[in-house]
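The structure appears right after this line, and notes come after that.
Computed over heavy atoms, backbone and side chain alike; hydrogens, waters and symmetry mates excluded. Quick caveat: nothing in here was measured; it's all calculated off a predicted structure.
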Amino acid sequence: QVQLVESGGGLVQAGGSLRLSCAASGRSFRNYVMGWFRQAPGKEREFVASISSGGSTYYADSVKGRFTISRDNAKNTVALQMNSLQPEDTAVYYCAADAVYFRLRVGVSDYWGQGTQVTVSS
């Protein structure tokens, strides 16, 4: 069992930055693929970024070059550094974990956090 708790959301002006963090409890964190998803009002939840147990990363085209995902296996945390934020980045951001990359990538991960709100004002 893995429990995920996100933090770091908030209100920021367009062009600003935020850093989200996800703390994971449970064993074998280093073996899980970790990722971030987001859901804007009235829209489907969408993939943002993922990082494998070995540190390989993958990003949605909409955030590539602006967001950076990282993990610290010693601290059981995964972070999402978000730069050059735009109003369209406004959403609830969710941390996810799964032992299988494909499951995380398509959004059917076994474990999800409760979400943290990110609001970008224009």
State, to 0.1 Å, how close Ala49 and Leu80 come at their nearest heavy-atom pair, and which atoms those are. CB-CD1, 4.3 Å
Please, which pairs that meet salt bridge (Lys or Arg N to Asp or Glu O under 4.0 Å) have at least one residue in residues 48-62, sequence neighbours excluded? Asp61-Lys64
Could you list the donor-acceptor pairs under 3.5 angstrom formed between side-chain atoms of residues 15-24 and any protein atom two or more places apart in sequence or on another chain?
residue, atom, partner, partner atom, Å
Ser17, OG, Asn83, OD1, 2.9
Arg19, NH1, Gln81, OE1, 3.3

In the structure I gave you, are the side-chain heavy atoms of Phe29 and Val2 within less than 4.5 Å of one another anywhere? no
Please list, one pair per line, the donor and acceptor atoms closer than 3.5 Å that link side chains of residues 94-102 to other protein atoms, with sequence neighbours excluded.
residue, atom, partner, partner atom, Å
Asp98, OD1, Val100, N, 2.8
Asp98, OD1, Arg103, NE, 3.3
Asp98, OD2, Arg103, NE, 3.1
Asp98, OD2, Asp110, N, 2.8

Given the rule that I, L, V, M, F, W and Y join up when any side-chain heavy atoms are under 4.5 Å apart, are Leu4 and Val118 in one cluster? yes
Are more than 12 heavy atoms from other residues, nucleotides or ligands located less than 6.0 Å from atom OH of Tyr59? yes
Thr90 side-chain N/O to Val120 backbone N/O, donor-acceptor pair under 3.5 Å: yes
If you link ILVMFWY side chains whenever their heavy atoms are less than 4.5 Å apart, which other residues fall into the same cluster as Leu11? By chain and number, please. none
Between Tyr93 and Val78, is there a shared hydrophobic cluster once you connect ILVMFWY residues whose side-chain heavy atoms come closer than 4.5 Å? yes
Under the side-chain hydrogen bond (donor to acceptor under 3.5 Å, both in side chains) rule, what pairs show up with a residue in residues 40-54, not counting sequence neighbours? Arg38-Glu46
Side-chain contact test, heavy atoms from C-beta onward, threshold under 4.5 Å: evaluate it for Met82 versus Val63 and give yes or no. no
Nearest 0.5 angstrom please: Thr68 OG1 to Ile51 CD1, how far? 10.0 Å
What pairs with Phe37 under ring-ring contact (aromatic ring centres under 6.0 Å, His included), at least two apart in sequence or on another chain? Phe47, Trp112
Mind jotting down which residue pairs meet the salt bridge (Lys or Arg N to Asp or Glu O under 4.0 Å) criterion with at least one end in residues 66-78? Sequence neighbours excluded, please. Arg66-Asp89
Inter-residue atom distance Met34.CE - Ser70.OG, 0.5 Å rounding: 11.0 Å
For Ser25, give me all partners under side-chain contact (heavy atoms from CB on, under 4.5 Å), at least two apart in sequence or on another chain. Gln3
With sequence neighbours excluded, tell me which residues meet side-chain contact (heavy atoms from CB on, under 4.5 Å) with Ser28. Asn31, Tyr32
Residue pairs involving residues 4-15 (criterion side-chain hydrogen bond (donor to acceptor under 3.5 Å, both in side chains); sequence neighbours excluded): Glu6-Gln114
Residues in side-chain hydrogen bond (donor to acceptor under 3.5 Å, both in side chains) contact with Thr119, at least two apart in sequence or another chain: Gln117
Should Trp36 and Tyr111 be regarded as members of a common hydrophobic cluster, given that ILVMFWY residues are connected when their side-chain heavy atoms come within less than 4.5 Å of each other, either directly or indirectly? yes
